[in-house]
Amino acid sequence: MSETRYPTGQGDGTPPSDPAESLVAGLASRHGTERLRARERLVEIGHPAVPALIMALKSPGENVRWEAAKALGEICDPRAATALVDALEDTQSAVR
């Protein structure tokens with residue numbers, strides 16, 4: 001079984017305080033497979049990842065907003081309802 005690795009928190013080998021935040025950063029990757037893996041892991045984390053994903057819906061990056069909306073839709077947490085309704089007004093049709 002392989003160990004899950006997250007980016008380090010301070011560049012000194014310490015783990016990040018919130019793995020979901022590190023994974024949300026992965027939603028900005030130029031590589032689709034990396035974005036997919038980050039989104040799938042966020043969905044696995046589930047409800048604890050919701051606050052970071054809601055914040056990601058405000059990202060300037062279209063891919064980040066799209067991936068966050070998709071993950072939130074899969075997690076089905078009621079806390080995301082308002083943010084997802086707001087995402088229906090996104091300037092990018094892919095995000096809507």
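Everything numeric here is computed off the predicted structure, so don't read it as measured data.
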Check whether R79 reaches the backbone of H47 with its side chain - one donor and one acceptor, N or O, closer than 3.5 Å.
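Flag set: sc R79 to bb H47 pair under 3.5 Å.
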How would you list, by chain and number, every residue that makes a side chain to side chain donor-acceptor pair (under 3.5 Å) with R96, sequence neighbours excluded?
none
Test side chain to side chain donor-acceptor pair (under 3.5 Å) applied to E40 - qualifying residues, sequence neighbours left out
none
Once you round to the nearest 0.5 Å, how far does CG of L53 lie from CG of L27?
7.0 Å
Nearest 0.5 Å please: distance from the NZ atom of K70 over to the CD1 atom of I75.
12.5 Å
Pairs touching residues 53-67 that satisfy side-chain hydrogen bond (donor to acceptor under 3.5 Å, both in side chains), sequence neighbours left out:
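Passing the test, one end in residues 53-67: R39-E67, R65-D90.
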Of all the heavy-atom pairs spanning [X] and [Y], show the shortest one and how long it is.
X   : Y   : value
A38 : G26 : CB-C, 4.0 Å
P48 : P51 : O-CD, 3.5 Å
S29 : R35 : O-NH1, 2.8 Å

Should V64 and V95 be regarded as members of a common hydrophobic cluster, given that ILVMFWY residues are connected when their side-chain heavy atoms come within less than 4.5 Å of each other, either directly or indirectly?
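No, V64 and V95 fall in different hydrophobic clusters.
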Treating Ile, Leu, Val, Met, Phe, Trp and Tyr as nodes and any side-chain heavy-atom pair under 4.5 angstrom as an edge, say whether I45 and L84 lie in one connected cluster.
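Linked within one cluster.
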Assess whether side chain to side chain contact (heavy atoms under 4.5 Å, CB included) is satisfied between L57 and D86, documenting all intermediate values.
CA-CA 9 Å; L57 286 175; D86 291 345; over 6 Å; no
With the side chain counted from C-beta on, respond yes when L72 and V50 share a heavy-atom pair under 4.5 Å apart, and no when they do not.
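When only atoms from C-beta onward are counted, V50 and L72 do touch, with a gap below 4.5 Å.
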